[in-house]
Amino acid sequence: MSTTSPPTPTADLPPQFDFASMEREIYERWERAGAFSAAVTDSSRSGGDREPFTIVMPPPNVTAILHMGHGLDNTLQDVLIRWRRMAGDDALWVPGTDHAGIATQNVVEKLIAKEGLTRYDVGRDAFVRRTVRFVEETGGAILNQLRALGASCDWSRTAYTLSPELSRAVREAFVRLYEKGLVYRGHRVIHWCPRCLTSLSDEEAEFHDTNGKLYHISYPLSGDPERAIVVATTRPETMLGDVAVAVHPDDDRYRDLIGRTVVLPIANVEIPIIPDSYTDPTFGSGAVKITPAHDANDFEVGQRHDLPMPVVITATGTMGEESPRETNERGETIERVPESLRGLDRFEAREKIVDMLKASGRLVKVEPHQHAVRRCYRCDTVVEPRLSDQWFVKMKPLAEPALAAVRDGRIRIVPERWEGVYVHWLDTIRDWNISRQLWWGHRIPVWYCDGCGRETVSRDDVLTCPSCSGPVRQDEDVLDTWFSSWLWPFSTLGWPKDTPDLRAFYPTDVLVSGPDILFFWVARMIMSGFEFMGEAPYHTVYLHGIARDTKHRKMSKSLGNGIDPLDVIARFGADPLRYTVVAGMGLGVDIIFDPDDLEKSFAPGRNFVTKLWNIGRFLLTNVGTSPVQAVSEIDRERLSRADQWILARLDAAIAECDAALGPARPVNRHWTLGERTMGMRLNDYAEAARRFVWNELADWYLEAIKARLADAGDDREVARAVLAHAFDGALRLLHPIVPFVTEALWQRLPGRADDELLISARWPTASGGQGRGADEFELVRSAVDALRQLRGEYNITPGKQLSAIVVPAPNARSVLTTEAALIGRLTRCTVSVAEAAPRGETAAHQVLADGSEVIVPLAGTIDVAKECARLQQELAALEKQLGGLRQRLANENFVSRAKPEIVDAERQKEREWSARREQLAAKVKTLCGN
RNA sequence: GGGCGAAUAGCUCAGUUGGUUAGAGCGCCUGCCUUACACGCAGGAAGUCGGGGGUUCGAGUCCCUCUUCGCCCACCA
């Protein structure tokens with residue numbers, strides 16, 4: 001056991017981790033070894049002996065390129081997956097992409113626009129073929145970019161929302177909901193994007209506060225032009241579609257006018273004054289113009305009063321009437337939009353109409369008015385409320401189980417405050433418009449027979465009418481992209497087929513996402529999970545913050561303040577990016593980067609990875625690669641205090657990391673109140689691991705054992721074994737965060753077989769039983785700290801060897817005596833141990849917590865009065881604190897009401913401080929003479 | 001308009017049921033190229049925990065209030 005291997009030269013190990021050449025190679029080794037793939041047969045749900053742990057990746061848009069949001073989101077998922085994989089779970093991370101209806105169609109439309117074409121020039125079939133080709137050529141690039149990040153997805157299960165398999169799932173879902181009466185076609189006002197030429201869901205029409213104007217317009221009473229009723233609107237152009245003026249039934253000002261008619265200016269049609277409690281008598285004039293075809297509320301008023309609903313703004317946002325056309329009692333078509341306005345853009349028309357009203361004296365006044373305007377979430381165009389036929393999903397019944405699951409703790413949302421937002425949304429949920437007037441997406445599986453009028457909803461393509469065998473035509477519209485992604489947790493596993501994957505991995509475990517798609521996606525997945533699988537899709541929703549710049553602006557392409565993760569990886573490597581993100585990611589807190597200073601932004605990660613690498617370099621040089629003894633087999637007596645200390649610190653670090661990561665799943669299907677707030681604190685986990693390897697292993701243990709490693713012999717073997725063990729533990733703890741550098745180092749550790757991979761290694765567990773030495777080493781550390789402080793205080797450069805005297809407190813005698821040499825090495829002092837402080841010497845002093853004292857004789861360089869003053873000051877501060885402490889301990893309320901362990905801790909502290917006070921006071925007395 | 005969250009060192013943030021002398025990273029100051037690491041080592045400065053009030057033996061932590069930011073939701077035209 002005393003044989004020593006010759007130190008391995010570090011010539012082949014550069015001072016920095018060579019990420020550029022290593023990362024790709026390591027990633028390929030993982031893939032070759034099949035380290036990413038989960039086995040159905042391992043899952044405890046399929047007879048295996050491992051708990052499944054599944055994450056489905058939020059599918060990026062198929063045409064997207066990697067940005068910081070993806071980098072952040074996927075790093076967090078990878079950390080969780082690697083952690084559970086090492087912890088022994090059958091870990092599955094399902095990757096995939098979303099066909100992203102509007103987004104992708106917009107991209108391709110822009111492409112063909114460069115050729116001077118629109119999608120209508122190309123035609124539907126050709127356009128779809130073109131888009132398929134575009135996706136085949138460029139799509140999925142983002143998944144390859146994720147490899148550079150180190151993402152350990154199971155690529156063999158890569159899914160795509162528009163694949164034949166997932167398309168089957170979409171049809172199945174649509175047909176089932178239709179059969180239950182939860183999918184229906186409705187004729188109502190929806191949000192319409194005049195640029196994308198499609199309807200949008202409520203969520204896709206985002207509110208933006210806008211400084212607009214409120215126009216007050218007077219509508220003269222029919223046959224009584226002297227009298228008029230004034231209405232207010234922010235959108236004068238819609239007045240052409242007015243079919244009534246509503247007043248509150250109890251509003252005395254207008255009671256006599258109810259039932260009479262006014263003449264709509266410009267359009268010149270007569271419209272009635274109607275009573276409706278929708279009107280708020282305190283707002284404006286208390287009279288509201290009703291435009292049922294271009295306002296969702298007015299639509300409801302129109303329905304209540306059975307009013308006509310003329311459309312006066314076309315699909316492209318220009319003025320003009322559309323069918324169904326309104327007719328008068330003689331059956332003639334009513335023309336509301338005058339020739340001069342027809343074809344005009346709605347905003348130009350607004351100006352023109354205002355001018356016309358002004359000219360005719362009908363414009364009463366214009367006020368500035370702040371209000372919220374809805375805009376298309378894809379192209380930012382102001383959305384036009386528009387009457388049309390659309391398909392809807394009835395959401396109330398779907399929302400109920402989704403609400404119950406969060407309320408009763410089957411699902412937790414982290415951080416918890418989002419649960420309120422989730423609950424509120426589901427409580428007030430409205431039906432979901434799922435049809436889109438696009439070409440790119442899942443065609444709605446409904447076929448119409450013009451012959452007999454039959455409507456057929458089918459899982460399979462319908463070629464002829466089942467009733468009359470006549471020709472059928474399929475609904476022209478496609479489904480909202482989110483109608484396919486809401487099925488993602490089970491459609492990716494094979495649903496509607498009852499596949500082995502589905503049985504082994506559904507329900508999944510954690511869903512990681514930004515809060516921006518909580519409604520779009522996360523909540524809808526929960527609803528669909530219950531509806532189609534009868535079970536929640538996951539038990540934890542982890543909502544992280546988003547990446548912002550130093551001005552706290554969201555990183556975005558349009559602002560040009562984004563950071564390309566691939567740039568960061570190219571400059572610093574994937575590990576520094578990952579470490580910086582994880583360490584800087586408070587629970588649900590946004591993370592700030594400076595896009596103009598990547599160096600600074602990612603310094604924490606880069607510095608850390610280099611530090612880790614150099615610890616490894618030291619170890620490989622001084623420990624070598626020949627096998628070491630297992631720490632558990634080493635006699636306890638042979639472990640030094642430092643050895644015991646670092647082993648205890650490792651146990652503590654493991655416990656901290658485990659606590660920060662938390663339970664992987666609720667113990668009993670429901671999250672208990674206690675469990676709910678545990679875990680998922682990835683930054684705490686990163687910090688615990690960092691502190692262990694840097695501030696404990698490198699700063700103290702490594703320095704403490706350098707001498708032992710230098711001298712061949714039994715003790716060297718012990719030190720080698722403990723160092724290798726402690727570093728091995730550190731690498732395992734850190735692997736989920738910085739997988740590449742840890743893998744590279746781990747494989748070089750002593751005694752490692754060629755085919756062993758850290759990615760598949762076991763997560764560490766505490767070894768326990770370290771004994772007293774660990775605590776005793778703390779005393780050594782405090783002596784070292786004290787001497788270092790004296791050096792700093794008196795400006796004694798490290799190059800200068802010092803002699804120092806240690807005067808131990810009674811209990812510390814044996815420890816400080818045997819460790820004197822070590823203390824000397826760590827402080828570059830020649831340390832001698834004395835019974836009592838030598839008299840008559842000019843010296844600098846420090847008193848340790850236990851009353852031990854360290855002294856540096858500095859004859860001639862010390863100002864006695866100054867040193868005396870310093871000590872007196874220190875004594876005064878200590879006495880003040882001690883006084884407060886004793887007062888507290890004397891307080892009966894404190895002793896009786898505070899927790900016993902707190903009182904005990906205070907008593908212990910009181911003993912220590914007293915000892916220190918004694919010592920300090922004695923010192924002051926000898927030095928200052930009073 | 002309603003709801004939620006935040007305010008702690010120069011900057012970005014931790015601080016779990018109230019309980020040591022409030023912490024980290026980056027930045028800053030001083031001294032060191034000590035044969036693993038200057039992307040480093042050692043030491044140091046820096047916070048009346050946004051203002052005010054309250055509960056308590058004890059408050060960064062709980063309650064009230066004010067101020068300033070941010071987010072989500074919403075049919076006042």
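By convention in this document, chain letters (A, B, ...) are assigned in the order of the sequence lines, proteins followed by strands, and residues within each chain are numbered from 1. The figures that follow rest on heavy atoms only: side chains count, while hydrogens, waters and symmetry mates do not.
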Heavy atoms from C-beta onward define the side chain here; which of [options] lies closest to that of [X]?
| X | options | answer |
| --- | --- | --- |
| A/Asn893 | B/C57, B/C75, B/U20 | B/C57 |
| A/Tyr278 | B/C41, B/A77, B/G19 | B/A77 |
| A/Lys909 | B/A42, B/U20, B/A36 | B/U20 |
| A/Arg374 | B/A36, B/C75, B/C39 | B/C75 |

Would you mind pulling out the nucleotide paired to [N], Watson-Crick or G-U wobble, both distances under 3.5 Å?
| N | value |
| --- | --- |
| B/A6 | B/U68 |
| B/U56 | none |
| B/G40 | B/C32 |
| B/A45 | none |
| B/G1 | B/C73 |
| B/U16 | none |

Original post:
Which residue, A/Gly792 or A/Thr282, contacts RNA chain B at a nucleotide closer to its 5' end, judged by nearest heavy atom?
Top reply: A/Gly792

Original post:
Mapping A/Ala232 and A/Glu906 onto RNA chain B by nearest heavy atom, which one lands closer to the 5' end?
Top reply: A/Glu906

Subject >> C1'-based separation of B/C72 from B/G53 [nearest Å] >> reply: 31 Å

**OP:** With C1' as the reference atom in both, quote the distance from B/G27 to B/G10 in angstrom, rounded to an integer.
**Re:** 7 Å

Quick one: is [N] close enough that its OP1 or OP2 comes under 4.0 Å of any side-chain N or O from [X]?
| X | N | result |
| --- | --- | --- |
| A/His552 | B/C71 | no |
| A/Lys611 | B/C41 | yes |
| A/Arg888 | B/C57 | no |
| A/Asn607 | B/C26 | yes |
| A/Trp694 | B/C41 | yes |

Contact class for [X] vs. all strands (heavy atom < 4.0 Å): base, sugar-phosphate, or nothing?
| X | result |
| --- | --- |
| A/Leu702 | base |
| A/Lys600 | sugar-phosphate |
| A/Gln16 | base |
| A/Ile592 | sugar-phosphate |
| A/Asn683 | nothing |
| A/Ala905 | nothing |
| A/Ala698 | base |
| A/Lys554 | nothing |
| A/Arg907 | nothing |
| A/Arg430 | sugar-phosphate |
| A/Gly545 | nothing |
| A/Asp699 | sugar-phosphate |
| A/Ala372 | base |
| A/Phe608 | nothing |

Original post:
Are side-chain heavy atoms of A/Gln881 and A/Lys909 found at a separation under 4.5 Å?
Top reply: no

Original post:
Would you call A/Asp594-A/Lys600 a salt bridge at under 4.0 Å N-O?
Top reply: no

**OP:** Before accepting this row, confirm whether a basic side-chain N of the pair A/Glu599/A/Arg606 lies closer than 4.0 Å to the acidic partner's carboxylate O.
**Re:** yes

Checking the side chain of [X] only, and the main-chain atoms of [Y] only, is there a donor and an acceptor separated by less than 3.5 Å?
| X | Y | result |
| --- | --- | --- |
| A/Asn561 | A/Lys554 | yes |
| A/Arg888 | A/Glu906 | no |
| A/Asn891 | A/Gln887 | no |
| A/Arg720 | A/Gly624 | no |

Subject >> Spacing between A/Arg916 atom CZ and B/U21 atom C1', to the nearest angstrom >> reply: 10 Å

Original post:
Can you find a donor-acceptor N/O pair under 3.5 angstrom joining the side chain of A/Glu703 to the base of B/A42?
Top reply: no

Original post:
Any chance the rings of A/Phe520 and A/Tyr377 have centres within less than 6.0 Å?
Top reply: yes

